[in-house]
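We count ligands from 1, going down the list as the structure has it; atoms in each ligand are counted the same way.
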Amino acid sequence: MSNPGLNTVIMAAGKGTRMKSALPKVLHKLAGRSLVQHVLDAAAPLNAVRTVTITGHGADRVEQALTCSGSHFARQMPQLGTGHAVQKAVPQLDMTAAVTLVLNGDVPLIRTDTAAALVQACGGQQLALLTVTLDDATGYGRIVRNRQGQIQGIVEHKDATPEQREIREIYTGILAAPTAALARWVMALDNRNAQGEYYLTDIVAMAVAEGLPVVSAQPSSETEVLGVNSPLQLADLERRWQRQQAETLLESGVRLADPARFDLRGTLRCGQDVEIDVGCIFEGEVELGDNVRIGAHCVVRHAQIAAGAVIQPFTHIDGEGGRVVVGPGAQVGPYARLRPGATLGADVHIGNFVEVKNSSLAAGAKANHLAYLGDATVGERVNFGAGSITANYDGANKHRTVIEPDAHIGSNCVLVAPVIIGAGATIGGGSTIAKPAPAGQLTVARARQMSLAGWQRPLKQPKG
Ligand code: UD1
Ligand code: CA
């Protein structure tokens, strides 16, 4: 249900010169999601009836990246200031919505409840500013209050007097305003200031002049209102965000070896007594069952790992486009690679340098060393020997290999798909199998060994 009382405006037209990047600033990623997507996601639960993102620099790319977001777009070209930006959004606002919330596309960690409190404080009757008090307020717009503590205006750093520069309470760039008044105010702005820009912040003095109350609200932490202007600031916010996520997991009982060496770029759901060693990266949607252990330096993406499974260090699991499933009690790695569509049953063992793609291994199956299983259906308790592979690709099409329960594939075998290995069959090491191997029998397909009794090693010819 949308909130008919609310518009949201997201400012994202700025250039981001200090990122020194060809990518528009708001599309840079924090924890795997673009900055502006974080802002949209934080605002989403407020269910604004209308969301307008203001684009300018790299507008095509930004709008394309947000096509599925439900946001409308207003283009601001050239960028003549934050007030000018909101002017461009006005024609797209729902004028019947009492409140308009203004957010910044490069301030990604704003929390939903903070934004909601600001909207509440505005209530369509007052101008509500999100402010914080900083030790070093250099560069920010200062909140000017009278003796009674009432807000009188915002003065930009470049326009501030030496006394005003002493003020440590600053405007975060986020506000909630009565919609009709906001529209009227931004149309009345001028650019007579140090930067020759249309300042959105000048609406505060306008509200005061009209006798409209101006109130402030504060975020729960400074992190919420930090902006990204440079790679250094982006990296700093990334670490703050990761720390928060790590602490949430620790509080829920997950044992992270080191919250400073943990990265989650998506969502991670964990059962009880989960242990995660250092240097792991989780991406997309990952689910870990009770007692799962993840060794050091694993990358796990779009996967469901069932209770009691152990993922040894340096394992790469990527279920993008086909979620990887690891069954209860399974052991994977070290140095294993599970690709999309890998589905491991209970107690399956996948060892070092084994790659599994689009294949299912039923309970108890093992591939412990140096193997490739692609497009294979592997039965219970199958043992797949070291160095063996499924040759699933004929250069044009992929074919399936079926290995029935209890078959043993020796070392260094090539199973040329499509092919079926019958239940309980044994394949001799070094075999290339291109025809069905019958159940219960030994099949060997390699050159017969021979020895030449009178054979002599060639001797080196004397130089003539
Ligand atoms: C603004 C505030 C300042 C506040 C600071 C907080 C004004 C005049 N000043 O300053 O009081 O302390 O944010 O970070 O608003 N943008 C556009 N179009 C423009 C200009 C900016 O879309 O023409 C966007 C930027 O992409 C950015 C946001 O608006 O997302 C803020 O712009 P920025 O240039 O960073 O504002 P500041 O000068 O830092
Ligand atoms: Ca800024």
Side-chain angles (χ1 to χ4, degrees), residues 8-19 21 23-28 34-40 43 52-59 62-63 71 73-90 101-110 127 129-134 136-144 151 153-160 164-165 167-175 177 182 185-186 189-206 214 216 218-219 222-230 233-234 237:
T8 300
V9 172
I10 297 172
M11 316 247 271
K15 184 159 186 202
T17 312
R18 281 193 282 153
M19 289 303 291
S21 168
L23 188 68
K25 177 165 78 173
V26 295
L27 294 186
H28 280 267
S34 72
L35 299 176
V36 66
Q37 189 65 53
H38 276 269
V39 179
L40 283 161
V52 182
T53 303
I54 300 158
T55 60
H57 277 282
V62 176
E63 290 172 15
S71 177
F73 300 101
R75 288 205 177 187
Q76 185 203 14
M77 290 181 194
Q79 290 85 41
L80 303 178
T82 52
H84 179 246
V86 175
Q87 277 177 15
K88 296 293 171 192
V90 165
L101 172 69
V102 176
L103 298 170
N104 263 307
D106 61 358
V107 180
L109 299 186
I110 183 71
L127 176 57
L129 308 175
L130 192 68
T131 74
V132 281
T133 300
L134 300 178
D136 179 8
T138 307
Y140 289 98
R142 307 300 206 283
I143 304 294
V144 180
I151 295 175
I154 298 175
V155 56
E156 291 303 302
H157 181 92
K158 286 186 176 149
D159 300 288
Q164 287 170 330
R165 288 188 182 178
I167 299 170
R168 294 194 301 120
E169 186 186 9
I170 63 106
Y171 171 54
T172 59
I174 294 170
L175 61 75
L182 178 69
W185 294 330
V186 294
L189 290 171
D190 65 55
N191 64 351
R192 293 191 295 269
N193 52 54
Q195 304 186 80
E197 287 181 7
Y198 295 88
Y199 289 167
L200 179 60
T201 45
D202 284 350
I203 69 168
V204 178
M206 293 178 178
V214 181
S216 67
Q218 281 72 41
E222 193 187 299
T223 303
E224 283 192 65
V225 297
L226 291 176
V228 172
N229 298 298
S230 66
Q233 289 173 339
L234 179 58
L237 275 198

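Atoms of ligand 1 found under 4.0 Å from any heavy atom of A13, numbered from 1 in the order shown, are 17 (C), 18 (N), 22 (O), 26 (O). For ligand 1 and G141, the ligand atoms under 4.0 Å from any heavy atom of the residue are 3 (C), 4 (C), 11 (O), 12 (O). Taking every heavy atom of Y199 and a limit of under 4.0 angstrom, the matching atoms of ligand 1 come to 8 (C).
The shell of residues lying under 4.0 angstrom from ligand 1, judged by heavy atoms, includes E156. At least one heavy atom of T172 sits under 4.0 Å from some atom of ligand 1. Under a 4.0 Å heavy-atom criterion, G81 is in contact with ligand 1.
At a 4.0 Å heavy-atom cut-off, ligand 1 touches A85 through the side chain alone. If you look at N229 next to ligand 1, there are no close heavy atoms at all, none under 4.0 Å. Contacts of H84 with ligand 1, taken as heavy-atom pairs under 4.0 Å, are absent altogether.
If you run side-chain contact (heavy atoms from CB on, under 4.5 Å) between L130 and each of V102, V107, I110, L101, only I110 comes through.
When Q76, K158, Q79, K15 are checked for heavy-atom proximity to atom 17 (C) of ligand 1, Q76 turns out nearest.
Of the polar atoms of Y140, none of the N or O atoms is found under 3.5 Å from an N or O of ligand 1, judged by distance alone.
A pairwise comparison of heavy atoms in A89 and A74 identifies CA-CB, 4.0 Å as the closest pair.
When the side chain to side chain donor-acceptor pair (under 3.5 Å) test is applied to E197, no partner is found at least two apart in sequence or on another chain.
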For this session: Run the numbers on K15 and Q79 for side-chain contact (heavy atoms from CB on, under 4.5 Å), then give the verdict.
Result: CA-CA 9 Å; K15 184 159 186 202; Q79 290 85 41; 5.7 Å; no

